[in-house]
Amino acid sequence: MTKSASRASEDIVGNDPAIGALPVALKVSGLHTYYGDSHVLHGVDLDLPRRSIGCVVGRNGVGKTTLVRSILGLSPPAQGQVHIGAEDVSRWPAHRLARCAVALVPQGRRIFPSLTVLEHLQIGARTGERGVDGLAAAPWTIDRALEIFPRLQERLGHRAATLSGGERQMLAVARALVANPRLLIMDEPTEGLSPAIVDQLRELLLRLRSEGVSILLVEQNLAFVLALADRVHIMDKGRIVHACSAVQLGESPEMTRRYLGV
Amino acid sequence: MSFWLINALNGLSFAMVLFVLSAGLTLVFGLLRIINMAHGSFYLLGGYIALSVIQASDHFMLGMASACVAVMLLGAAMQRWTLARLHKQELPQSLLTLGFLFMFADLAFWIWGGNPQLVPKPAVLEGAIRFAGIAYPAYRLALIGIGVLVAVLLWALLEGTRIGAVVRAGMDDEEMVRAMGINIPLVFTAVFAFGAGLAAMGGVLGGPLLGLFPGADFEVAMLAFVVVTVGGLGSIRGAFIASLLVGLADNFGTAWFPQLSLFTAIIPMVIVLALRPSGLMGRA
Ligand SMILES: Nc1ncnc2c1ncn2[C@@H]1O[C@H](COP(=O)(O)OP(=O)(O)OP(=O)(O)O)[C@@H](O)[C@H]1O
Ligand SMILES: [Mg+2]
């Protein structure tokens with residue numbers, strides 16, 4: 001057990017030996033969340049080390065989005081703690097948390113139909129503190145975000161209601177990017193995207209990690225998870241039932257079948 | 001000819017009062033999802049406060065400014081300390097505003113009494129202007145200009161500024177705006193106060209025309225609800241068009257069928273809602 005745990009921590013470390021020494025970016029402990037009477041999260045524990053990509057996988061309806069919502073304070077947990085860095089943020093209002101450099105790419109994109117592409121970026125933009133916590137010094141400005149997504153540049157003055165599904169997802173990502181997060185939470189970002197855009201997204205996430213961003217990625221696309229994750233957290237019925245490295249998950253068809261249905 | 005012209009101008013000037021009043025109501029509904037039953041109270045209180053200030057100072061603009069500021073503060077306090085406590089419970093919030101409607105009505109009756117009163121017009125806008133063979137009240141003409149100006153300013157504020165974009169984003173998806181780090185509780189209070197201020201401005205502008213009396217709050221609120229429903233909840237542009245429709249329908253209706261006056265103001269609502277249930281500019 002001890003041996004496998006230390007093996008797992010090496011996987012988190014990845015190529016950069018310094019990372020293991022940094023404190024966690026996000027720590028979730030014993031989280032219980034209800035929607036009215038329905039008990040959805042049954043004590044979720046999860047650690048996300050700084051500058052790493054942690055994936056949460058699991059079948060439909062196991063509570064992945066609820067976990068994201070609870071971390072962000074959108075569905076406040078009834079019990080348990082969420083720490084970001086050393087700070088206990090469990091009872092913070094959502095907007096305060098987002099000001100501490102946490103950004104969300106939500107499931108279903110949730111762009112604002114009546115705003116133009118540019119307006120999304122304008123209201124989302126935050127300078128954030130760059131150059132601290134090992135975060136790369138060059139901030140994501142609106143211009144830099146648009147360089148990554150030239151398609152959005154072309155549609156800058158259009159209302160988001162007129163965008164295609166892929167463009168909406170790019171916008172949702174760009175909107176989070178210009179917030180200059182230290183912790184980026186993405187809920188099924190590849191849902192409904194073409195393979196080319198998925199590749200682009202993968203490159204972007206790797207780049208963000210190398211810039212020092214910690215990423216919590218909820219995802220059902222196994223190939224995407226295997227290509228990116230430093231650590232995979234398997235969720236079932238409102239709990240994290242297993243955590244392992246991407247390699248371990250890739251080598252265990254039994255696990256993917258049981259928990260992911262593939 | 002002059003029958004048409006006069007009634008059209010009457011309809012337009014009345015429509016502008018309606019628009020200023022309804023713009024606040026539709027903004028508040030669009031963002032906070034509350035049907036503010038006390039919106040007419042803000043109109044009435046605004047008118048009364050302006051009346052008292054004008055009587056004391058003989059200064060129309062000062063009356064208007066004090067009325068707007070006072071009612072905005074009242075709205076901010078009401079939202080912050082009562083409505084905000086019922087977050088996401090739209091029906092209890094709306095019912096609470098109904099309670100405020102009765103309280104404010106009593107308060108106004110207690111302070112300003114039960115006799116109908118007219119807000120004095122600004123001195124420069126007394127008298128009439130002659131054109132096209134008619135002599136038409138200068139104040140009513142000015143109202144048309146002011147209404148258009150308010151509409152343009154509101155449109156510029158909402159479409160052209162960052163705070164306007166935040167408000168529209170909040171109308172689309174309040175939770176997502178919160179997740180982006182925007183202090184939405186504060187935006188809610190500000191928009192509610194702003195809407196209250198617009199209602200007060202409506203009361204001051206309409207005061208010299210329609211008069212202030214117990215029950216005026218309810219009467220104008222009725223029409224504002226019609227306007228907001230016809231225009232599409234949350235839409236300023238819709239509220240503008242609907243105000244014109246309702247204002248003109250009300251005036252011509254009253255001219256042609258005096259015994260059916262309120263009915264004719266509601267006809268546009270019946271027709272529009274039959275064809276477009278979400279209103280002219282409503283969100284789907
Ligand atoms: N607002 C809500 N009110 C009541 N129940 C809800 C609500 N949102 C989700 N649920 C229920 O909570 C459970 C977990 O939902 P959640 O959206 O967190 O799952 P998920 O793992 O994200 O699923 P998916 O893969 O489909 O996105 C489900 O049974 C769902 O029906
Ligand atoms: Mg989900």
Side-chain angles (χ1 to χ4, degrees), chain A residues 36 65 68-76 92-128 142 157 159-161 168 171-172 174-187, chain B residues 26-27 29-33 80 84-89 91-92 154-191 231-239 278-284:
Chain A
T65 298
V68 168
R69 294 178 55 85
S70 291
I71 291 171
L72 288 167
L74 294 172
S75 294
W92 283 20
H95 71 263
R96 183 162 165 219
L97 193 59
R99 287 176 179 198
C100 294
V102 180
L104 169 71
V105 176
Q107 186 166 20
R109 286 122 193 180
R110 295 180 72 169
I111 50 121
F112 307 111
S114 65
L115 265 59
T116 65
V117 168
L118 181 61
E119 282 171 334
H120 277 80
L121 303 179
Q122 284 169 336
I123 69 169
R126 268 170 211 290
T127 39
I142 292 177
R159 295 214 185 245
R168 286 175 191 217
L171 181 54
R175 173 176 68 181
L177 215 51
V178 296
N180 282 296
R182 266 182 282 176
L183 171 61
L184 175 61
I185 301 181
M186 303 179 108
D187 195 350
Chain B
T26 206
L27 266 183
F29 181 84
L31 185 64
L32 285 75
R33 305 275 144 189
R80 183 98 167 65
R85 286 169 193 249
L86 297 167
H87 185 63
K88 291 235 161 157
Q89 298 172 264
L91 188 60
L154 274 180
W155 179 82
L157 184 67
L158 216 52
E159 300 289 328
T161 67
R162 187 167 183 271
I163 180 73
V166 167
V167 169
R168 280 183 292 129
M171 290 181 177
D172 285 344
D173 188 341
E174 174 254 326
E175 197 176 71
M176 190 60 220
V177 176
R178 240 179 331 137
M180 290 169 69
I182 289 158
N183 188 344
I184 208 79
L186 189 65
V187 177
F188 271 32
T189 307
V191 166
L233 294 159
S235 165
I236 292 284
R237 210 150 44 111
S278 59
L280 290 171
M281 303 278 161
R283 289 150 188 269

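Numbers restart at 1 for each chain; the letters A, B, ... are given by sequence-line order, proteins then strands.
You'll find the side chain of A:His120 stays beyond 4.5 Å of the side chain of B:Met180, heavy atoms only.
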Side chain to side chain contact (heavy atoms under 4.5 Å, CB included) between B:Arg168 and A:Leu115: does it pass, once the steps are laid out?
CA-CA 7 Å; B:Arg168 280 183 292 129; A:Leu115 265 59; 3.6 Å; yes

Applying side chain to side chain contact (heavy atoms under 4.5 Å, CB included), run through A:His95 and B:Ile184 and close with a yes or a no.
CA-CA 8 Å; A:His95 71 263; B:Ile184 208 79; 5.7 Å; no

Test side chain to side chain contact (heavy atoms under 4.5 Å, CB included) applied to B:Met176 and A:Phe112, step by step
CA-CA 9 Å; B:Met176 190 60 220; A:Phe112 307 111; 3.8 Å; yes

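When atom types are taken as modelled, the side chain of B:Asp172 and the backbone of A:Ser114 share a donor-acceptor pair closer than 3.5 angstrom.
Taking each heavy atom of B:Ala179 and A:Ala98 in turn, the nearest pair found is O-CB, 3.2 Å.
Between chain B and the residues A:Gln122, A:Arg175, A:Arg110, the largest count of heavy-atom pairs under 4.5 Å involves A:Arg110.
The structure places CG of A:Leu74 at 5.5 Å from CZ of B:Arg178, a figure rounded to the nearest 0.5 Å.
Looking at A:Leu72, there are no atoms closer than 4.5 Å to chain B (heavy atoms on both sides), in backbone or side chain. Contact annotation for A:Pro113: both backbone and side-chain heavy atoms come within less than 4.5 Å of a heavy atom of chain B. For A:Arg109, no part lies under 4.5 angstrom from a heavy atom of chain B. Proximity to chain B (any heavy atom under 4.5 Å) is restricted, for A:Ala125, to the backbone atoms N, CA, C and O.
For residues 96-106 of chain A, the set of pairs meeting the salt bridge (charged side-chain N to carboxylate O under 4.0 Å, His left out) definition, not counting sequence neighbours, is empty.
Residue-environment remark: CH2 (A:Trp92) exceeds the threshold of 12 foreign heavy atoms within 6.0 Å.
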